2 protein chains.
Amino acid sequence: MPTILVVDDESRMLDLISFYLEARGFTCERAVSGNCALEKMKHTIYDIVILDVMMPNMDGWEVCKQIRLFSSVPIIMLTAREEKKDIVKGLQIGADDYITKPFNEEELVARIDALLRRLGKEKSISYDGLVWEETNHELTYQGEVIPLTPKEFSIIGYLMKNPNRVFSREQLIDLIWGMDSETEGRTVDSHVRNMRDKVRKSGFPIDHCLKTVWGVGYKWIN
Amino acid sequence: MPTILVVDDESRMLDLISFYLEARGFTCERAVSGNCALEKMKHTIYDIVILDVMMPNMDGWEVCKQIRLFSSVPIIMLTAREEKKDIVKGLQIGADDYITKPFNEEELVARIDALLRRLGKEKSISYDGLVWEETNHELTYQGEVIPLTPKEFSIIGYLMKNPNRVFSREQLIDLIWGMDSETEGRTVDSHVRNMRDKVRKSGFPIDHCLKTVWGVGYKWIN
DNA sequence: CTTTTTTTTGATAGATTTTTAAAAACTTGT
DNA sequence: ACAAGTTTTTAAAAATCTATCAAAAAAAAG
């Protein structure tokens, strides 16, 4: 589940944003100042940082600059003014997107979803009745649950979220098992096989979608 | 250098955007309608698509949806209205960013730079409808896949990525097989032959492009 | 602690690709 | 036109890769 760091000096705003985001299943951490945010980022990896521009001591621009010295985490700036000059400044400094106040829940969530999508970290993805959902850890076809093991679920998730892209066995191991895993590539084959069987039995034509790329790996095609 | 597809029915707007972008070193292609854009995307890989929302026949939303069926290219929407509802709609459909008219040169370039920065470099190359893509591990001609073996795919990749440069058989072996390979040069010939056959069968005039340099090796000419 | 489920491993058959080697065809320079 | 050198073609052997299966090992659940 994506974790989001929200940085704002007003606690009312922190509450509001956290409320919206946690309702959507995101995990939120709060920072009441730029220094506080930078300190937190030394210890934790966040998926997205939401950064208010107007803050005492260190403003949002400065925090953004500082973050970019050591991290490429996606940053969304929160700005009160609707001025193009500010937008350009933010983008040049290294922000990825910005939201102008006042904003509503829909806009906030849409921007975060768009950013996560671009990074390949969606919470759910569906294709022709086949639905993959991170939150309940379930794959369903036409409403029917296809029971998968954790590894199987992760593999099909990465493939579905990145259609047309080939993943080598080693890439999948790095992504799912972790960089320091000793697991060998052939293990992936077994999981793919078992997963294919289970999905096929559900009636979904997985053989049209999940392709073996000889000598390279596996990919999902739409 | 990144190539950008600009889609707008007004030629004045096409001129303006192209002028700004080309001054910054980007290469621009123009499309005067959604259909025109979709057609172009079958033949060429673009780094970014800029899409006007207000167009006759097929509007920007629809074009965006269509593109998302087969490509994850970053899309920037051009919208006249500054309405949050439109922004949310665009992001939900699969756009990555949007710009409201009127916009200035700085804003346009800042947004494109931000998107490219976040994206990293795309590993693909296209020439006259022949598209080579690393991430998909696919070579296509006018949208049709040309099935290649791994070695064949690598060879044509190196040649296409370095037009006009001659590669000796030994160079190709070093690059593809690895420095310590014992494979002999004649093996390359076999792969080139098989690859030529497959590409020729697709209809692409490969004999005009992939040339044998007698006594030296092979090269791709534009 | 026992049972159940998941993950990993190893062995093998089948499919595909890669390599080799020799003959044929083609270039080049004289 | 000829000879020497190089590339292309061809076909078969060798090597590599994938799918499959069963069984062992590990992890999770009861």
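Everything quoted here is computed from the prediction, not taken from an experiment. Each chain gets a letter, A, B and so on, in the order its sequence line appears, and its residues count up from 1.
We find the CZ-CG distance between Arg196(B) and Leu210(B) to be 4.5 Å, quoted to the nearest 0.5 Å. Within the model, atoms CG of Leu21(B) and CD1 of Ile112(B) stand 4.5 Å from one another, a figure rounded to the nearest 0.5 Å. How far CG of Asn162(B) is from CD of Gln171(B): 10.0 Å, rounded to the nearest 0.5 Å. Atom CG in Leu51(A) sits 15.5 Å away from atom OH in Tyr98(A) (nearest 0.5 Å).
With Phe103(A) as the aromatic partner, Arg111(A) does not meet the cation-pi criteria of under 6.0 angstrom to the ring centre and within 45 degrees of the ring axis. Relative to the six-membered ring of Tyr158(B), Arg165(B) misses at least one condition, a distance below 6.0 Å or an angle of at most 45° to the axis. A cation-pi arrangement is present between Lys123(A) and Phe26(A) under the rule of less than 6.0 angstrom and at most 45 degrees off the ring axis.
Between Asp15(A) and Arg12(A) there is no salt bridge, since no side-chain N of the basic residue sits under 4.0 Å from a carboxylate O of the acidic one. Between Asp8(A) and Arg30(A), none of the side-chain N atoms (NZ, or NE/NH1/NH2) sits under 4.0 Å from a carboxylate O, so this pair counts as no salt bridge. Salt-bridge check for Glu105(A) with Arg24(A): passed, with a basic side-chain N closer than 4.0 Å to an acidic carboxylate O.
Of the candidates Ile156(B), Val166(B), Val213(B), Asp189(B), Tyr218(B) forms a side-chain contact (heavy atoms from CB on, under 4.5 Å) with just one, namely Asp189(B).
Taking the six-membered ring where the residue is Trp, Trp177(B) and His191(B) present tilted rings, their angle falling between 30° and 60°.
In terms of heavy atoms, Pro2(B) sits closest to Leu116(B) at CG-CD1, 3.8 Å. Val7(B) and Gly34(B) get closest at one heavy-atom pair: CG1-N, 4.4 Å.
From one end of the helix from dC1(C)-dG30(D) to dT30(C)-dA1(D) to the other, with five pairs defining each end axis, the axis direction shifts by 50° (rounded to 10°).
Contact check of residues 212-219 of chain B against DNA chain D (heavy atom, cut-off under 4.0 Å) returns Thr212(B), Trp214(B), Gly215(B), Val216(B), Tyr218(B). Applying a 4.0 Å cut-off to non-hydrogen atoms, the residues of residues 149-181 of chain A that approach DNA chain C are Thr149(A), Pro150(A), Lys151(A), Trp177(A), listed by residue number. For the segment residues 186-211 of chain A, the set of residues with a heavy atom within less than 4.0 Å of an atom of DNA chain C comprises Thr187(A), Ser190(A), His191(A), in numerical order.
Under the side-chain hydrogen bond (donor to acceptor under 3.5 Å, both in side chains) criterion, no residue pair touches residues 124-147 of chain A, with sequence neighbours excluded.
Contact footprint of chain A on DNA chain D: nucleotides with an atom under 4.0 Å from a non-hydrogen protein atom, first to last in 5' to 3' order, dT16(D) to dC21(D).
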